[in-house]
Number of protein chains: 2
Amino acid sequence: METDDNQAGEAETGRSARKHKAILEAATEAFLRNGYLGANMDEIATLSGVSKQTVYKHFSSKEALFVEIVTSMTGRAGDAVHAEMPHVEGVEALRRYLVDYAWRQLTVVMTPRLMQLRRLVIAEVPRFPDLARVLYERGPLRAMTMLAAAFERLAARDLLVLDDPMAAASHFNWLVMAEPINRAMLLGDEAIPSPEALRQHAERGVRVFLAAYGAP
Amino acid sequence: METDDNQAGEAETGRSARKHKAILEAATEAFLRNGYLGANMDEIATLSGVSKQTVYKHFSSKEALFVEIVTSMTGRAGDAVHAEMPHVEGVEALRRYLVDYAWRQLTVVMTPRLMQLRRLVIAEVPRFPDLARVLYERGPLRAMTMLAAAFERLAARDLLVLDDPMAAASHFNWLVMAEPINRAMLLGDEAIPSPEALRQHAERGVRVFLAAYGAP
DNA sequence: TGCGAAAAACTAGACGGTCCAGTACTAGAG
DNA sequence: CTCTAGTACTGGACCGTCTAGTTTTTCGCA
């Protein structure tokens, strides 16, 4: 197929595909840093080591490039977290699992790239409402839906006590995520807590959650 | 043309001050709708019924106008909520008061104007980090700080049980605010819940909070 | 398999058209 | 005389197109 000098397990690709990728990366950088209006196509071309003509060969317009980037980033974002809930036996195992899940979710979401993406998408809600809706659905909504299903199973086994699984999932999700996300959204990427701080935060959130929804 | 009928207790102002106000209002509208880069000074001048020269007589630059507007809006925003905690006697009175406070906070914050302001400020975090910091401090941080103080007093009277008042305040704040805010941030202003929905949401949040922090 | 030409992709830069922040200038109202 | 409306203007940014010439890939055919 392609030339087989593949380095470090990276699938080798033709020149065109390589340029395509370079453009995507440069554009991601530019849009995340400068916003939709603030980014300019000349800079993207220069940054990706490609002529402007080539940029327009791969993407029909600035708008199309923007949509492509945001959707691909939101697509990748949520996939890393969803893990099947293992058999938890007993209250203490449940607590440990919830803390672990919360911490995993936090460390995935609380990265500069995803915070910048979130700022970018929020900024463009009036211009690109669909992008924001997709981010919401593939982000918090998906997390909460899966949590709700898991909580329902746990309730059936009397490990949790709840009447509204989705409300419980929302409470769990935001007990854990809201404080650091909203801090970082306004205070910038350097306000992202350290992994240890996130772990402590997760533990406190789970303690509150279990006080409200845990088996007595 | 300029009639001097001061209506509804509005402080009497000269023509210059009136133009000043008109410019501020038009600029607020423009910036909230189109963002910093998307707004343009010609539109602001036209919208406020003033010549462009006059706009620049009152505000030295687009940037200065933007900063002025955002700071004035963030200043007004938080002031409406802070109410002295009355004497609450007993657990049920506390619950009712917390629900009421939560609902008040929600109805103040969950308005299109403030959601738009929040989107605008978040969008401009890289360009105007100070504005975002001020919004954070005068918004969530102030609310949580005041809550923490109130919670500490309640803990001294054994109506709450907590070791870290600020953590408890954060949990309360985000149990109540996070879900609707983050929904509206991404799904747009029409995703702002109705007052009745907000009331129910507040009640559920307070129930969880009291399960974790309420007196046994 | 290897060669060579057509096809496709790419570069560098210029350019048209549009938009916009901020300034300058004139005419007229108070 | 002072302030302002109205408007034209400056200087520059930027999207998307175009041109002319170069490089890479593809593929028929030896």
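Chain naming here is simple, since letters A, B, ... match the order of the sequence lines and numbering starts at 1 in each.
For the pair Phe59(A) CZ and dT17(D) P, the computed distance is 15 Å after rounding to whole Å. With rounding to whole Å, Glu43(B) atom CD is found 19 Å from dT18(C) atom P. Atom pair Glu63(B):CD and dC20(C):P shows a separation of 18 Å (rounding to whole Å applied). As rounded to whole Å, 16 Å separates atom C1' of dA21(C) from atom CZ of Phe66(B).
In this structure, of dG16(D), dG22(C), dA9(C), it is dA9(C) that holds the atom nearest to the side chain of Lys57(A). In the set dT23(C), dG16(D), dG6(D), dG16(D) carries the atom at the smallest distance from any side-chain atom of Tyr56(A).
One finds no side-chain N or O of Ser51(B) lying less than 4.0 angstrom from the OP1 or OP2 phosphate oxygen of dT7(D).
Here the side chain of His201(A) pairs a donor or acceptor atom with the backbone of Val176(A) at under 3.5 angstrom. In this structure, the side chain of Trp103(B) engages the main chain of Pro195(B) through a donor-acceptor pair within 3.5 Å.
Using modelled atom types and a 3.5 Å distance limit, the side chains of Arg118(B) and Asn182(A) yield a donor-acceptor pair. Thr71(B) and Thr74(B) share no donor-acceptor pair across their side chains, judged by distance under 3.5 Å alone.
Ring-plane geometry between Phe172(B) and Phe151(B) is classed as perpendicular, the angle between the planes exceeding 60 degrees on a 0 to 90 degree scale with a lower cut at 30. In this structure, Phe128(A) and Tyr36(A) have perpendicular ring planes: the angle between them is above 60°, well past the 30° mark.
Taking the side chain as every heavy atom from C-beta outward, Arg133(A) and Leu187(B) approach each other to under 4.5 Å. Looking at heavy atoms from C-beta onward, Leu98(A) lies out of side-chain contact with Glu203(A) at the 4.5 angstrom threshold. The side-chain heavy atoms of Met115(A) and Val109(A), taken from C-beta on, include a pair separated by under 4.5 Å. Contact of the Leu24(A) side chain with the Phe59(A) side chain is registered, since non-hydrogen atoms from C-beta on lie closer than 4.5 Å.
If you check every strand for non-hydrogen atoms under 4.0 Å, Thr54(B) touches sugar and phosphate atoms only. Residue contacts shown for His20(A) are absent, as no nucleic acid heavy atom lies under 4.0 Å away.
Contacts between residues 119-127 of chain A and DNA chain D, counted as heavy-atom distances below 4.0 Å, involve no residue at all.
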If you restrict it to nitrogen or oxygen atoms, what contacts under 3.5 Å exist between nucleotides 18-25 of chain D and the protein, and what is each distance?
| unit_1 | atom_1 | unit_2 | atom_2 | d |
| --- | --- | --- | --- | --- |
| dC18(D) | N4 | Gln53(A) | NE2 | 2.8 |

Please tabulate, one pair per line, each protein N/O and nucleotide N/O from nucleotides 11-14 of chain D that are separated by under 3.5 Å, including the distance.
none

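To the nearest 0.5 Å, atom OH of residue Tyr97(A) and atom CG of residue Asp100(A) are 7.5 Å apart.
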